[in-house]
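Values below: every heavy atom of this structure, side chains too, minus hydrogens, waters and symmetry copies.
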Amino acid sequence: MSILIDRTSRVIVQGVTGAIGRSIASRMMEAGTAIVSGVTPGKGGETMGPLPIFDCCHDAVERTGANASFMAVPPGAVLDACFEAIDAGIRTIVIYCEGVPVVDAVRITRFARDRGATVIGPNAAGCISPGQANLSDLADANIDHGRVGIVSKSGTLTYEVADGLRRHGLGVSTLVCLGGDPVIGTGHADILRLFEADPDTDIVVLLGEIGGRSELAAADVLRTMTKPSVAFIAGRYAPPGRRMGHAGAIATSPAEDWSNKTRSLAAAGAVVVEQLTEVAAAVASMQSRIQPNHA
Amino acid sequence: MLTGSQALGVLAAAGIPVRDGRTPDGAGQRLQIGVALDREQRCFRLLGTRCGDDGVPADDLCAVTIDPALGPRSFLTGRMIRRLGLRGAAAAQAGEILRRLYEFAQASDACGIEAVLVTDGGAMAVAGASLELDPSGAFRQHELAAAGAFDVPGTATERALARAGAVGIEIDPAGRVAGVISGAGLMMATLDLLVATGVHARLVVDLGGTVLRGTSGLAPVFAAIAETGCPVILVNAFLQTARCDALAASIVEVTRGAPAGMRLIVRLRGREAERAQEILAEAGIPLIPDLDAAIAATAEAACAVAA
């Protein structure tokens, strides 16, 4: 078992004929993810290697049973592509691209909620359950299967932590990168609830950053969780009022800054580390809480 | 951000009644109203409060959450207007202005609007406004973009880096280290590590998409950094989609004519990192795979140039 995606996931790549879509689809095929088709309007009937391409998601779902989508379309096309995927019945969607207008993100998340779909992103690296399915830009070869769940806004921070866990002989059950935009479809708290219910996850790593209140909502969930957690918040020394790369990484009130977030997470029972490079060691120190792998 | 007459002009062009001057006529009303993004609820809210003659809010803020599927229906705006104490024709006009401001925000990629609403000849009109526009919407807001409405303020270096497709944050003009990093999260975490080690960072840069564009993407980034005269550069990337070998080749290329005293520390991990190490070694640039070790080397270099 894992969260969001597993061996039953049947993945499509929307925008598969673009540079990013092609690269991600090729990697998924090489790694053995069950990628069943690509979708690019106007390219229906073509193929990319063994992969059929459809004009629209409805065709892809009807012909291949697709239920998850990695969206690699440009920002201006994301709104329609997302509506289409959700309307076609796809239930897990990763919006990869950066620069999706906030008003579009608001409409997407509302429609997804109505239809019971999970949207990760925009501006998200995606999610991967190593050995089962990969709906992300992360390379399967760089992440070991294990029993640590990771949830993060940032993709690059998860690369570091997964790599650090590997050096400690630890692996990942599912890794979820939520995205760094101001409005994202899924927050830390949503993923923590899933990890708590996942029998294959023993410890949770929460990676956050300044700006927004996703980590504060996560602290409320952590208080109720039975599984131990390690947390790191990036941006301690960010200049006040500056947007730190991610569109959502700006503290607009004291509640959204590093101090309050770390204090809230620690009060909720998380082991909070001050530096990124301390995360893996903190998890390793809890190894007694990790069951032997039964992948 | 658009303010003053520029903001009023944009609103007038969108069919919203405006007037110059913030003083209501006669014994008229003055309200502060707005449209604001609620990140956590993933929706917009309408805000309003009554103001005294001095323009200071006289009441607590009224807020109404707008369901994106419903939009600002009259029962929603009407509830807020009644709470603001308006009745009759003024209430209807104020409600209509609120509705139009919300529609304007949706159509123009505005994620925040603040407006002063006053009576004007017996009718309500916007007498002052500021519009916060979402830079992600600039690609489809051609007129507003041409007017500079999406321009992000910043230093000359930050603007040069933005033109190059990267995000630069100036930290300390007296700092001696520039961090060139792939990814916003890692950029923040790297700054945290540098500062905790006692390093005064001059600026940090998130390469963003430039990391995929080879030498042509990296060259303007390094040119902008060179303009600052910063003597130590730390490159830090953990690449999954882009390739370390391609980035290493670009680093070698763009630093070929660098000043003799410049110290370059390169930490790369991820895709094709071993090949990257070979490329850098051929150019006499050591690659430090471990992040803590790279930070320590950067701190040492910063001390050396300061000595």
Side-chain angles (χ1 to χ4, degrees), chain A residues 19-20 23-24 75-76 98-107 109-111 113-114 125 136-139 142 152-160 163 180-185 187 207 209-210 212-214 217 232 234-239 242-249 274-277, chain B residues 37-44 67-69 105-111 134-141 152 154 166-167 169-172 181-196 201 204-206 208-209 212 236-241 269-271 290-292 295:
Chain A
I20 297 287
S23 164
I24 295 286
E98 191 174 0
V100 175
V102 165
V103 296
D104 291 358
V106 166
R107 294 178 66 191
T109 53
R110 177 65 168 86
F111 188 49
R113 197 165 65 234
D114 274 0
S136 78
D137 74 351
L138 283 82
N142 292 342
S152 171
K153 281 182 179 168
S154 155
T156 48
L157 293 185
T158 61
Y159 306 165
E160 298 285 348
D163 189 55
D181 276 5
V183 173
I184 50 176
L207 306 174
E209 61 193 31
I210 57 165
R213 295 175 185 239
S214 177
F232 165 71
R236 179 177 190 175
Y237 296 110
R242 298 305 308 271
R243 201 177 295 277
M244 297 298 287
H246 281 153
E274 294 200 355
Q275 299 295 349
L276 173 65
T277 49
Chain B
L37 175 68
D38 184 332
R39 290 176 59 162
E40 314 316 318
Q41 297 302 315
R42 303 173 179 109
C43 63
F44 283 84
D67 184 326
Q106 302 301 301
S108 305
D109 288 299
C111 48
D134 171 15
S136 294
F139 71 88
R140 61 187 181 191
Q141 304 293 343
V152 177
V167 175
I169 313 286
E170 295 237 43
I171 307 294
D172 178 359
I181 297 128
S182 178
L186 189 56
M187 176 182 76
M188 287 183 265
T190 303
L191 175 62
D192 293 344
L193 282 162
L194 288 170
V195 175
V204 287
V205 180
D206 170 13
L212 292 164
N236 181 20
F238 196 130
L239 301 180
Q240 298 263 352
T241 302
R269 281 185 77 82
R271 196 176 176 192
D290 181 73
L291 181 51
D292 278 330
I295 295 294

Over all atoms of both residues, closest heavy-atom pair of [X] and [Y]:
X: A:Gln275; Y: B:Asp192; answer: NE2-O, 3.4 Å
X: A:Val102; Y: B:Asp134; answer: N-OD2, 2.7 Å
X: B:Asp109; Y: A:Pro101; answer: OD1-CB, 3.4 Å
X: B:Phe238; Y: A:Tyr159; answer: O-CD1, 3.1 Å
X: A:Val103; Y: B:Ala105; answer: CG1-O, 3.9 Å

With chain B as the partner, which of [options] has the greatest number of non-hydrogen pairs under 4.5 Å?
options: A:Pro239, A:Ser154, A:Pro182, A:Ala234; result: A:Pro182
options: A:Asp163, A:Asp137, A:Thr109; result: A:Asp163
options: A:Ile24, A:Asp104, A:Asp181; result: A:Asp104
options: A:Arg113, A:His246, A:Met244, A:Glu98; result: A:Met244

Proximity breakdown for [X] and chain B, heavy-atom pairs closer than 4.5 Å:
X: A:Leu207; result: neither
X: A:Val100; result: backbone
X: A:Arg242; result: side chain
X: A:Phe232; result: side chain
X: A:Arg213; result: both
X: A:Ala139; result: both
X: A:Asn142; result: side chain
X: A:Leu276; result: side chain

* Any donor-acceptor N/O pair, B:Asp206 side chain to A:Gly245 backbone, under 3.5 Å -> no
* Asked: Side chain, backbone, both or neither: which part of B:Ile181 has a heavy atom under 4.5 Å from chain A?
  -> neither
* Asked: So which part of B:Leu186 gets closer than 4.5 Å to some heavy atom of chain A, the side chain, the backbone, both or neither?
  -> both
Reported [atom1]-to-[atom2] distance for the pair [X] and [Y], which is rounded to 0.5 angstrom:
X: A:Glu160; Y: B:Thr190; atom1: CD; atom2: OG1; value: 7.5 Å
X: B:Met188; Y: A:Ile210; atom1: CE; atom2: CD1; value: 6.0 Å
X: A:Thr156; Y: B:Gln240; atom1: OG1; atom2: CD; value: 10.0 Å
X: A:Arg243; Y: B:Ile169; atom1: CZ; atom2: CD1; value: 10.0 Å
X: A:Tyr237; Y: B:Asp172; atom1: OH; atom2: CG; value: 14.0 Å
X: A:Thr277; Y: B:Leu291; atom1: OG1; atom2: CG; value: 6.0 Å

Using a 4.5 angstrom heavy-atom cutoff, name the option from [options] with the most pairs to chain A.
options: B:Gln106, B:Met187, B:Arg271, B:Arg140; answer: B:Arg140
options: B:Val167, B:Asp67, B:Ile171; answer: B:Asp67
options: B:Val205, B:Leu212, B:Asp292, B:Leu194; answer: B:Asp292

* To do: Could you tell me whether A:Arg107 atom CZ has more than 12 heavy atoms of other residues or ligands within 6.0 Å of it?
  => no
